[in-house]
Undergrad: 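Supplied in structure tokens, the structure appears directly below.
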Amino acid sequence: MTEAVRTDWSIAEIREQFDTPLIQLVRRASEVHQQFHDPEVVHVNQLLSIKTGACPEDCGYCSQSVHNNTGVKPEPLMNVDEVVRTAKRAQANGVTRFCMGAAWRDVKDNAQFDRVVEIVRQVSSLGLETCVTLGMMNAAQAKRLDEAGLYAYNHNLDTSPEFYDSVITTRTYQDRLDTIAAVRETDITVCCGGIIGMGESDDDRVSFLHQLATLDPHPDSVPINVLSRVPGTPLENAPDVNADETIRMIAVARILMPASVVRIAAGRHLMSFSDQAMCFMAGANSIFTSERNMMLTATTPCADHASDRAMLATMGLRPRVLEPVD
Ligand code: SAM
Ligand code: SF4
């Protein structure tokens, strides 16, 4: 029997999944995964920081916040040609979704946004799925990105509503939900997930999954980040996250949001080959890869194209292929 996609999960139901012994949970998630996806196909994404550092927000995990003393050198918004050249190289390396991040609090209607719209137009015309993450945004701004061909907007809830205020104080959980609602007024798909390893409890992880799994419809893609502890941030000494915790989050996300793409995001470089294999068994079907072992410019480590190609081949998995555009 095929599982139905539900958006009415209760906290108690999610807790029950979350508390399931690991191998039993992974087996269950794997069954769901096979019903909704080709389990041998993995989406390969690349993230480029198109505007780095000097962000006014105070996100406790982030290397790019002005509130954190991380030594990240601020860089202005990249020019269109440079971004397009990077996107072409990514495409030649098997990347199908090109994600671009800006260290902004929110989108402003100015020349910088005009340039991002042009970047989206040109990268989309290469036949890549484009994704941007630019902070908070209204529906009119989302519409401009939609018209330029944007495929996805990333805006993470990051953690539970209960834990959120201990990580970020310069914007609210509701602000995040409002931006997601603005994106939903267009045809742009929503990419929304979060981070584990910031000191949150299991109750917070369950509550965070509840938020994601009761969004109607579910996010099209769900990145699960493991905190990359950045010296100079309030979370530099956060506790270790064991692989079983990441695998559990992925498995529960897969069961709750069966049709979504579940992405292993930041922190994958810390996982062994076999831990990553377990993530794929648990229903992950998307990874970030990189050009120079970095996800964001010199901020978040990431595996590179060649090692990821070799890993997928060894596992008998294959990168998703997009139809070329004319
Ligand atoms: N300024 C935009 C915003 O906050 O929406 C986009 C930039 S930021 C790259 C997007 C996401 O990256 C964050 O929501 C967070 O989930 C993730 N992230 C940033 N720093 C991280 C870290 N040190 N470890 C793990 N994930 C991180
Ligand atoms: Fe700014 Fe985004 Fe980093 Fe928060 S996560 S400090 S909003 S770049």
Side-chain angles (χ1 to χ4, degrees), residues 45-72 74-75 77 99-108 112-113 116 131-137 141-142 145 152-160 163-165 167-173 175-180 182-183 190-200 208 211-212 219 221-241 245-246 249 263-271 288 290 294-302:
N45 316 279
Q46 185 171 317
L47 177 58
L48 175 69
S49 180
I50 58 173
K51 187 268 162 188
T52 302
C55 181
E57 296 292 271
D58 71 351
C59 308
Y61 48 78
C62 189
S63 59
Q64 309 201 63
S65 164
V66 287
H67 301 266
N68 301 335
N69 187 17
T70 62
V72 165
E75 287 171 24
L77 182 65
C99 309
M100 295 164 276
W104 286 338
R105 168 182 164 76
D106 52 12
V107 173
K108 302 211 165 42
Q112 301 263 299
F113 183 46
V116 172
C131 176
V132 289
T133 178
L134 311 172
M136 293 181 277
M137 177 173 75
Q141 293 162 336
L145 291 169
Y153 195 81
N154 164 268
H155 204 62
N156 292 332
L157 289 176
D158 277 338
T159 188
S160 68
F163 191 67
Y164 190 84
D165 292 352
V167 181
I168 301 157
T169 67
T170 48
R171 57 168 190 259
T172 65
Y173 212 76
D175 289 332
R176 298 306 267 183
L177 293 167
D178 290 347
T179 293
I180 292 166
V183 174
V190 170
C191 172
C192 181
I195 310 178
I196 58 169
M198 301 191 292
E200 73 285 348
F208 161 56
Q211 288 290 324
L212 294 175
S221 76
V222 180
I224 303 291
N225 291 289
V226 177
L227 177 71
S228 191
R229 290 173 293 206
V230 182
T233 63
L235 292 172
E236 64 181 334
N237 296 316
D240 285 344
V241 174
E245 301 174 69
T246 310
M249 284 300 285
R263 218 182 283 299
I264 330 175
R268 188 170 62 88
H269 69 288
L270 299 171
M271 301 180 91
F288 279 104
S290 73
M294 283 292 159
M295 244 164 75
L296 291 168
T297 308
T299 58
T300 315
C302 180

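Whatever order the structure lists them in is the order used to number ligands and atoms, beginning at 1.
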Undergrad: With heavy-atom distances below 4.0 Å as the criterion, list the atoms of ligand 1 near R176.
TA: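 Answer for ligand 1: 3 (C), 4 (O), 5 (O).
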Undergrad: Considering only heavy atoms, which of T133, T52, L47, L157 lies nearest to atom 6 (C) of ligand 1?
TA: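 The option holding the nearest heavy atom is T133.
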Undergrad: With a 3.5 Å distance limit and no angle check, can you tell me whether S65 reaches the backbone of C62 through a side-chain donor-acceptor pair?
TA: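 Flag not set: sc S65 to bb C62 has no pair under 3.5 Å.
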Undergrad: Contact between G194 and ligand 1, counting heavy atoms under 4.0 Å?
TA: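 G194: no contact with ligand 1 (<4.0 Å).
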Undergrad: Among all protein heavy atoms in this structure, tell me which lies nearest to atom 8 (S) of ligand 2, with the distance rounded to 0.1 Å.
TA: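 Protein heavy atom at minimum distance: A103 CA, 3.6 Å.
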Undergrad: Can you tell which of A266, A238, A103, C62 gets a heavy atom nearest to atom 25 (C) of ligand 1?
TA: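 Ranked by closest heavy atom to atom 25 (C) of ligand 1, first place is A266.
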Undergrad: Among all the protein's heavy atoms, is there at least one whose distance to atom 6 (S) of ligand 2 comes out below 4.0 Å?
TA: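 Given the 4.0 Å cut-off, atom 6 (S) of ligand 2 counts as touching protein heavy atoms.
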Undergrad: Are the side chains of V226 and E245 in touch, meaning some heavy atoms are under 4.5 Å apart?
TA: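 Heavy-atom side-chain distance check fails, nothing below 4.5 Å.
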Undergrad: Kindly confirm or rule out an N or O of W104 lying under 3.5 angstrom from an N or O of ligand 1.
TA: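 N/O-N/O distance below 3.5 Å exists for this pair.
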Undergrad: Return the residue, atom name and 0.1 Å-rounded distance of the protein heavy atom closest to atom 1 (Fe) of ligand 2.
TA: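 It is C55 SG, 2.3 Å.
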Undergrad: Thinking salt bridges, do E75 and K51 make one under a 4.0 Å N-O criterion?
TA: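 No, this pair does not count.
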Undergrad: Using heavy atoms and a threshold below 4.0 Å, how should the contact between R171 and ligand 2 be classified: side chain, backbone, both, or neither?
TA: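 For R171, the contact with ligand 2 is made by the side chain alone.
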Undergrad: Should the pair R268 and F288 be classed as cation-pi, given the thresholds of under 6.0 Å to the six-membered ring centre and 45° from the axis?
TA: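 Ring-cation test returns no.
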Undergrad: Would you check if V183 and I180 make a side-chain contact, meaning some heavy-atom pair closer than 4.5 Å?
TA: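 Of all side-chain heavy-atom pairs linking I180 with V183, none is under 4.5 Å.
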Undergrad: Which protein non-hydrogen atom lies closest to atom 4 (Fe) of ligand 2, naming both residue and atom, and how far is it?
TA: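 Result: C59 SG, 2.3 Å.
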Undergrad: With heavy atoms of G135 as the reference, note each atom of ligand 1 found under 4.0 Å away.
TA: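 The atoms of ligand 1 under 4.0 Å from a heavy atom of G135 are 2 (C), 5 (O).
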Undergrad: Taking L134's backbone N and O only, do any of them form a donor-acceptor pair with Y153's side chain (distance below 3.5 Å, no angle check)?
TA: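 At least one qualifying donor-acceptor pair exists.
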Undergrad: Using a strict 4.0 Å cut-off to heavy atoms of E57, name the atoms of ligand 2 that fall inside it.
TA: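 Under 4.0 Å from E57, ligand 2 has these atoms: 1 (Fe), 4 (Fe), 6 (S), 7 (S).
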Undergrad: Regarding C62, does it place an N, O or S atom less than 2.8 Å from atom 3 (Fe) of ligand 2?
TA: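 Of the N, O and S atoms in C62, at least one lies under 2.8 Å from atom 3 (Fe) of ligand 2, which means yes.
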Undergrad: Just which atoms of ligand 1 are under 4.0 Å from any heavy atom in I195?
TA: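 Per the distance check, 15 (C), 16 (O), 26 (N), 27 (C).
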Undergrad: Give the C-alpha distance, both sets of side-chain angles, the deciding distance and a yes or no for side-chain hydrogen bond (donor to acceptor under 3.5 Å, both in side chains) between N237 and R229.
TA: CA-CA 7 Å; N237 296 316; R229 290 173 293 206; over 6 Å; no
Undergrad: Passes side-chain hydrogen bond (donor to acceptor under 3.5 Å, both in side chains), D58 versus T170? Steps please.
TA: CA-CA 6 Å; D58 71 351; T170 48; 3.1 Å; yes
Undergrad: Under 3.5 Å, N or O to N or O, is N154 touching ligand 1 that way?
TA: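 It does not: no N or O of N154 is found under 3.5 Å from an N or O of ligand 1.
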Undergrad: Kindly indicate, with the supporting measurements, whether the criterion side-chain hydrogen bond (donor to acceptor under 3.5 Å, both in side chains) is fulfilled by Y61 and D158.
TA: CA-CA 10 Å; Y61 48 78; D158 277 338; 2.5 Å; yes
Undergrad: In terms of side-chain geometry, is the basic nitrogen of D178 or R176 positioned less than 4.0 Å from the acidic oxygen of its partner?
TA: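 No, this pair does not count.
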Undergrad: Is D158 in polar range of ligand 1, meaning some N or O pair under 3.5 Å apart?
TA: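 D158 vs ligand 1: N/O contact under 3.5 Å present.
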Undergrad: Would G197 count as a contact of ligand 1 if the rule is a heavy atom under 4.0 Å away?
TA: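 So G197 does not count as touching ligand 1.
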Undergrad: Could you tell me whether the side chain of Q211 reaches within less than 4.5 Å of the side chain of C192, counting heavy atoms only?
TA: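 No, their side chains stay 4.5 Å or more apart.
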Undergrad: Is the closest heavy atom of V226 to ligand 1 under 4.0 Å?
TA: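 Contact check V226 vs ligand 1: positive.
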Undergrad: Given D175 and R105, is the salt bridge (charged side-chain N to carboxylate O under 4.0 Å, His left out) satisfied, shown in steps?
TA: CA-CA 11 Å; D175 289 332; R105 168 182 164 76; 5.1 Å; no
Undergrad: Show which atoms of ligand 2 fall inside a sub-4.0 Å distance from at least one heavy-atom site of S65.
TA: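 Answer for ligand 2: 6 (S).
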Undergrad: Any atoms of ligand 1 less than 4.0 Å from a non-hydrogen atom of L227? List them with their elements.
TA: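 With L227 as reference, the close atoms of ligand 1 come out as 24 (N), 25 (C).
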Undergrad: With heavy-atom distances below 4.5 Å as the criterion, would you say the side chains of V132 and N154 are in contact?
TA: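 No, side chains not in contact.
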Undergrad: Near A102, which atoms of ligand 1 are under 4.0 Å from a heavy atom of that residue?
TA: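 Going through ligand 1 atom by atom, the ones under 4.0 Å from A102 are 1 (N), 2 (C), 6 (C).
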